[in-house]
Protein chains: 2
Amino acid sequence: MSIEDDAVEVRAQGWRTLAALHGLIESELEKSLQSEHRLSVVEYTVLDVLSRQDGWHMRMQQLGRATALSPSATTRLVNRLEDRALLTRILCLDDRRGIYTELTAAGQELLTRARPVHDATLERALADARELPELAPLVQALPSLLPA
Amino acid sequence: MSIEDDAVEVRAQGWRTLAALHGLIESELEKSLQSEHRLSVVEYTVLDVLSRQDGWHMRMQQLGRATALSPSATTRLVNRLEDRALLTRILCLDDRRGIYTELTAAGQELLTRARPVHDATLERALADARELPELAPLVQALPSLLPA
DNA sequence: GATAAATGATTGCACACGCAACTATCCCGC
DNA sequence: GCGGGATAGTTGCGTGTGCAATCATTTATC
């Protein structure tokens, strides 16, 4: 019993730490990307993830999963970026329900300018977090968890 | 140069992983807490953090920091919970600008009922995440990062 | 001790979000 | 090849959020 209770508490504590670090980083990114390039974090994420699909298109649904957004929010997010001519919708030929999205040159260009801001802010936010005792271990461990 | 570029990319990758795991867990918690107890994740967080301040009160600002919420959002969050009689505002005597908040018996009771739902959902969400190759390492490492 | 700057919290406003309902397209069984 | 169910995406609507401006109180300056 006590052992299982401990496991529950450890998970909850881990989640609180994760959420705290996430919240800190996200609000820093939000402020800097918004003020420098009028981009929200999730908008930047879309541009970034699209740029990584080198040559490949992405469906709305995949975009929604990549951003943890609902279908309706995904639609409007793509609308906003399309209105700013940062990406284009491309109708799917083999499945005409589906819609692909693709970065425009302007989108690619904005991403190129925004990326340094994003990266610098991320570095600063992580440095700040490393000063907080409850976040430091997670920040410290993060880089070693990637190669899968 | 290349080494520094790598560090930038590693940080970005770590952030994407962190954000992905956070998004997955948060949407699961949101769904279960909302449907079972009409609580959002951030509302649950407030009840939880207040219950941990055993005997101690918390100022609005501290609540805002604990939830990564703006002052205005904090005000309205406390309004919602106060309207449901889950917590009470207590004026600060030594600094009459400040406002303390305290769980009511009903708030404590609701938290007691919601906590099992929260914990079970968290366990399930982490198990799901462990199945995803890109998230598994972070999920695996999380429990070991806590004692600070 | 009066005025100015700073701090804690609240309100007006615009906007992004999720849910549920809807449309359009595809796929399956017969 | 036709009707019913599933799937991809969009829209109406209510609500939670951040920013900027505001009010109340405290603290600093003279």
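The sequence lines fix the lettering, A, B, ..., with proteins before strands; numbering per chain opens at 1. These values consider heavy atoms only, across backbone and side chains, with no hydrogens, waters or symmetry-generated copies.
Residues from residues 16-34 of chain A lying near DNA chain C, meaning a heavy-atom separation below 4.0 Å, are absent.
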Margin query: Please evaluate residues A/T17 and A/E134 with respect to the criterion side-chain contact (heavy atoms from CB on, under 4.5 Å), reporting the C-alpha separation (whole Å), side-chain torsions for both, the decisive distance (0.1 Å), and the verdict.
Written below: CA-CA 7 Å; A/T17 304; A/E134 67 274 24; 5.7 Å; no
Next item on the list: Mind running side-chain contact (heavy atoms from CB on, under 4.5 Å) on B/R59 and B/T74 for me, showing each step along the way?
Entry: CA-CA 10 Å; B/R59 296 176 97 95; B/T74 306; over 6 Å; no
Next item on the list: Applying side-chain contact (heavy atoms from CB on, under 4.5 Å), run through A/L63 and A/L50 and close with a yes or a no.
Entry: CA-CA 9 Å; A/L63 231 44; A/L50 282 181; 4.1 Å; yes
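For the pair B/L39 CG and D/dT15 C1', the computed distance is 16 Å after rounding to whole Å. Rounded to a whole Å, the CG atom of A/N79 is 14 Å from the C1' atom of C/dC15. Note: CZ (B/R38) to P (D/dG16) measures 13 Å, nearest angstrom. In this structure, CG of A/D94 is placed 16 Å from C1' of C/dA24, rounded to the nearest angstrom. Going from atom CZ of A/R80 over to atom P of D/dT10 covers 13 Å, rounded to whole Å. With rounding to whole Å, A/L93 atom CG is found 14 Å from C/dT25 atom C1'. Rounded to a whole Å, the CD atom of B/E43 is 13 Å from the C1' atom of D/dT17. Between the CG atom of A/L77 and the P atom of C/dG18 there is a distance of 10 Å, rounded to whole Å.
Residues A/L111 and A/Y100 do not share a hydrophobic cluster, defined by chaining ILVMFWY side chains whose heavy atoms lie under 4.5 Å apart. Connection of A/L103 to A/V49 is established within a shared hydrophobic cluster, with ILVMFWY side chains joined at heavy-atom distances below 4.5 Å, either directly or through further cluster members. A/L91 and A/V78 fall within the same hydrophobic cluster, where Ile, Leu, Val, Met, Phe, Trp and Tyr residues are linked whenever their side-chain heavy atoms come under 4.5 Å apart, directly or through other members. B/I25 and A/V8 are not part of a single hydrophobic cluster, where members link through side-chain heavy atoms under 4.5 Å apart. A single hydrophobic cluster is not seen to contain both B/L77 and B/I90; linkage of ILVMFWY side chains at heavy-atom distances under 4.5 Å, directly or through other members, places them apart.
Within 4.0 Å of A/L69, counting heavy atoms only, lie sugar-phosphate atoms of the nucleic acid but no base atom.
Annotation for A/R38: atom CZ does not count as buried by contact number, only 12 or fewer foreign heavy atoms lying within 6.0 Å.
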Next item on the list: Using a 4.0 Å cut-off on protein heavy atoms (strictly under), produce a 5'-to-3' string for nucleotides 1-9 of chain C with B for base contact, S for backbone-only sugar-phosphate contact, and - for none.
Entry: ------BSS
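The terminal axes of the helix from C/dG1-D/dC30 to C/dC30-D/dG1, fitted over 5 pairs per end, subtend an angle of 30° to the nearest 10°.
With hydrogens and angles ignored, a donor-acceptor pair closer than 3.5 Å exists between the side chain of B/R76 and the base of D/dG18.
Comparing A/R96 and B/S72 against DNA chain C, the residue whose closest nucleotide sits nearer the 5' end is B/S72.
Counted by atom type alone, B/Q13 and B/R16 present one or more donor-acceptor pairs between their side chains at under 3.5 Å.
Across B/L39, B/V41, B/L24, a single residue satisfies side chain to side chain contact (heavy atoms under 4.5 Å, CB included) together with B/L29, and that is B/V41.
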